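Structure, as structure tokens:
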Amino acid sequence: MASNPANLWVLLGLGLAGIFLFTKKFKKVLREDFGAFIHKLQLLPPPQPAPPKAPHPLTGLTFAVSDLFDIEGYVTGFGHPDWEKTHEAASRTSVVVSTLVEGGATCVGKTVIDELAYSITGENKHYGTPTNPVEPARVPGGSSSGAAVAVAANLVDFSLGVDTVGGVRVPAGFCGIIGFRPSYGAISKIGVLPVSASLDTVGMLSKGNNVVDDLHFSVLQLLNVLCWSLLQIDIETTPAGWFAKDPNILRRVGHVLLQSAFGGQRSPRQIIMADDCFQSLKFPVDRIAQVVVKSTEKHFGRQLLKHEILDVYLNSKVPSLKEFHNKKTNGEVKTSSIRLLANVMQLLHRYEFRSNHEEWINTVKPILEPNFSAQMNETMELSDAEIELCKSIREEMRSAINSLLKDDGILVVPTTAYLPPKLGGKEILSEEYQSSSFGLLSIASLSGCCQVTVPLGYYNKCPVSVSLIARHGSDRFLLDTVQTMFKTLQEQAETYVNSKSSNTDSRENSAEMAKEKISQPDGCALVVVIA
């Protein structure tokens with residue numbers, strides 16, 4: 001039947017209007033760089049040395065830094081306009097940024113962080129929340145949100161953040177890129193604003209370099225921005241660790257910052273799956289666990305795989321946890337060691353943050369998030385004995401994880417228990433979310449061990465990831481292991497998704513065949529297929 005010409009003109013008009021609105025909105029997103037940057041700038045590397053000397057190791061790479069790192073001539077803003085108003089511009093550039101520039105990389109800007117770098121959501125009401133390029137309707141993760149978004153959106157090759165209780169690992173997981181939390185104390189923090197002195201580490205973020213994934217990301221990114229733009233016409237975007245583009249960049253930057261020489265790579269002798277940690281996932285366990293198992297078997301052989309119930313292990317190796325549990329609950333409520341560790345880490349984080357910045361907060365009286373203010377008030381009720389107990393647990397944790405992994409072991413855990421929460425949602429503030437997520441994050445934060453977050457594709461259009469942990473001081477070993485396993489992990493993740501997709505298609509085809517058989521005229525066989 002011929003189409004009505006009037007209807008065709010209506011459809012064409014709607015299509016052109018949609019294209020116009022999308023173009024307008026998309027230009028806005030591009031102009032604001034997904035809201036990732038606070039300041040654009042350019043710190044250029046020194047000239048290349050004359051032959052026969054080797055060129056600078058980071059030549060040709062660009063990077064951004066979270067607004068916690070001092071850059072000469074700029075005020076380090078700490079994610080809050082009142083902090084920026086009440087502080088002077090930095091008189092010198094932080095050691096870590098200078099080291100990277102001297103190594104040949106170009107710094108192109110400072111990026112948005114959570115308010116006072118305190119949260120893991122990535123949301124900032126003062127400067128606007130950076131848009132997650134993979135899933136714009138969901139949070140980018142924090143505290144180094146802008147740094148992660150800059151890498152995920154292909155604006156830089158790598159970026160720097162600070163990981164205290166997950167500030168690099170969480171945004172890496174939520175934005176589908178690689179995030180590295182080095183061992184505590186491995187990289188200089190001179191010229192970096194302190195958040196929680198005993199937990200802070202300088203981290204890096206990068207993006208996995210996989211041709212299929214890059215193509216998938218580019219298409220997905222375009223479609224997401226298109227859909228988000230068309231659905232949010234009346235909503236205006238507020239203007240405004242360690243992340244890198246692939247494991248090779250992650251390793252190159254790591255060797256510069258860790259000041260370690262390139263040499264022969266060591267292979268792990270044990271890959272330990274923390275089985276109870278995977279049971280805390282709020283999406284199918286096999287989506288991550290089986291990918292790691294298959295990758296390990298393919299690369300190193302099944303004999304390297306070991307399984308551990310981390311709760312049982314830590315109960316026996318961290319004796320102060322029992323005392324902490326008794327003080328908190330009088331021993332009446334059974335609580336897993338992982339959840340207790342979440343509580344310990346949060347208390348230390350709050351206590352040390354308050355020690356660093358309480359005077360400024362009391363003097364300036366900045367407008368702060370209600371949840372943040374409530375946590376600061378709770379910290380005031382902590383006794384010296386409770387703080388000392390938390391510190392004892394921290395020391396016992398390092399000894400316990402080092403003993404478990406020795407020099408050649410890798411512990412495998414989920415990065416977070418949840419998929420990225422929706423923007424403005426309350427889920428991330430719930431006790432269940434906090435306990436599950438901070439429990440996983442506390443393993444490296446309290447032990448001071450190094451951890452890399454590795455992306456493993458998508459589940460329900462959201463990025464998923466896994467984390468590999470090595471003992472304190474084994475940063476180079478961990479970076480080498482990630483470089484070795486990365487390609488196989490991506491291949492196994494793709495194989496897993498394709499196999500599930502194939503099974504789904506098969507079931508749908510079987511169901512369709514069943515319908516066709518049922519609808520056959522009388523005299524034909526009736527076949528019912530149960531999918």
Side-chain angles (χ1 to χ4, degrees), residues 33 35-43 62-102 105-120 122-130 142-150 156 158-165 167-168 171 187-197 199-205 239-243 257 349 352-361 363-369 372:
D33 299 319
F37 286 91
I38 288 279
H39 296 295
K40 293 290 189 66
L41 52 90
Q42 197 171 58
L43 298 182
T62 59
F63 72 102
V65 300
S66 295
D67 199 18
L68 287 160
F69 294 81
D70 286 347
I71 292 181
E72 184 179 352
Y74 291 86
V75 178
T76 304
F78 209 12
H80 201 294
D82 287 342
W83 182 278
E84 189 169 6
K85 291 174 186 174
T86 54
H87 288 79
E88 300 293 328
S91 59
R92 60 188 301 178
T93 299
S94 68
V95 170
V96 63
V97 174
S98 296
T99 300
L100 292 170
V101 172
E102 289 165 7
T106 299
C107 180
V108 299
K110 302 186 78 170
T111 55
V112 176
I113 58 172
D114 287 54
E115 181 180 86
L116 305 182
Y118 192 80
S119 173
I120 61 169
E123 296 176 293
N124 188 310
K125 66 182 180 182
H126 308 289
Y127 298 107
T129 299
S143 61
S144 303
S145 51
V149 167
V156 292
F158 68 93
S159 60
L160 294 182
V162 170
D163 192 305
T164 305
V165 295
V168 165
I187 295 175
S188 172
K189 292 184 287 185
I190 297 174
V192 183
L193 275 176
V195 180
S196 176
L199 302 174
D200 292 346
T201 60
V202 174
M204 190 185 90
L205 295 149
W242 194 325
F243 308 78
L257 292 183
H349 178 212
E352 292 181 346
F353 181 93
R354 195 189 76 184
S355 298
N356 287 324
H357 305 299
E358 182 179 28
E359 182 179 351
W360 177 81
I361 291 173
T363 301
V364 176
K365 295 180 172 51
I367 297 174
L368 300 171
E369 289 288 345
F372 174 88

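Basis for what follows: all heavy atoms, side chains included, without hydrogens, waters or symmetry-related copies. All residue numbers refer to positions in the sequence shown, counting from 1. Bear in mind that the values here come from a model prediction, so they are computed numbers and not experimental data.
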Approximate separation, where rounding is to 0.5 Å, of [X] [atom1] and [Y] [atom2]:
X	Y	atom1	atom2	value
T76	I38	OG1	CD1	11.5 Å
S119	N124	OG	CG	10.0 Å
L116	H80	CG	NE2	6.0 Å
L160	L257	CG	CG	6.5 Å
L100	T106	CG	OG1	11.0 Å

Under 3.5 Å, is there a donor-acceptor pair between the side chain of [X] and the main chain of [Y]?
X	Y	result
K110	F69	yes
E369	E115	no
S188	I190	yes

Which heavy atom of [X] sits nearest a heavy atom of [Y], and at what distance?
X	Y	answer
A147	S159	O-OG, 2.8 Å
G122	P130	O-CD, 3.7 Å
V112	G35	CG2-O, 3.5 Å
A150	A36	N-CB, 4.1 Å
T111	A64	CG2-CB, 3.8 Å
P171	G142	CD-O, 3.4 Å

Are any non-hydrogen side-chain atoms of [X] and [Y] less than 4.5 angstrom apart?
X	Y	value
T201	I187	no
W83	H357	yes
D33	K40	yes
V195	H349	yes
I361	F372	yes
F63	V97	yes
S145	D114	yes

(Q) Over 60° means perpendicular and under 30° means parallel, so tell me whether Y118 and F353 are parallel, tilted or perpendicular. (A) perpendicular

(Q) Could you work out, with side chain to side chain contact (heavy atoms under 4.5 Å, CB included) as the rule, every residue matching T86, not counting sequence neighbours? (A) W360, V364

Q) Considering residues at least two apart in sequence or located in another chain, which fulfil the side chain to side chain contact (heavy atoms under 4.5 Å, CB included) criterion with S98? A) T93, E102

Q: Any chance you could lay out the side-chain contact (heavy atoms from CB on, under 4.5 Å) test for K365 and D82, step after step, and finish with the verdict?
A: CA-CA 9 Å; K365 295 180 172 51; D82 287 342; over 6 Å; no

Q. What do the steps show when you test S94 against D70 for side-chain hydrogen bond (donor to acceptor under 3.5 Å, both in side chains), and what is the final call?
A. CA-CA 5 Å; S94 68; D70 286 347; over 6 Å; no

(Q) Could you go through I113 and Y127, starting from their C-alpha distance and side-chain angles, then the distance that decides it, and tell me whether this counts as side-chain contact (heavy atoms from CB on, under 4.5 Å)? (A) CA-CA 9 Å; I113 58 172; Y127 298 107; over 6 Å; no

Q. Can you tell me if CD1 on I367 sees more than 12 non-hydrogen neighbours from other groups inside 6.0 Å?
A. no

Q | Criterion side-chain contact (heavy atoms from CB on, under 4.5 Å) on Y74 and D67, from CA distance to verdict | A | CA-CA 10 Å; Y74 291 86; D67 199 18; over 6 Å; no

(Q) Could you walk me through whether I71 and C107 satisfy the side-chain contact (heavy atoms from CB on, under 4.5 Å) test, starting with their C-alpha distance in whole Å, then the side-chain angles of each, then the deciding distance to 0.1 Å, before giving a yes or no? (A) CA-CA 10 Å; I71 292 181; C107 180; 4.1 Å; yes

Q.
Quick check on the 6.0 Å ring-centre criterion: do F78 and H87 meet it?
A. no

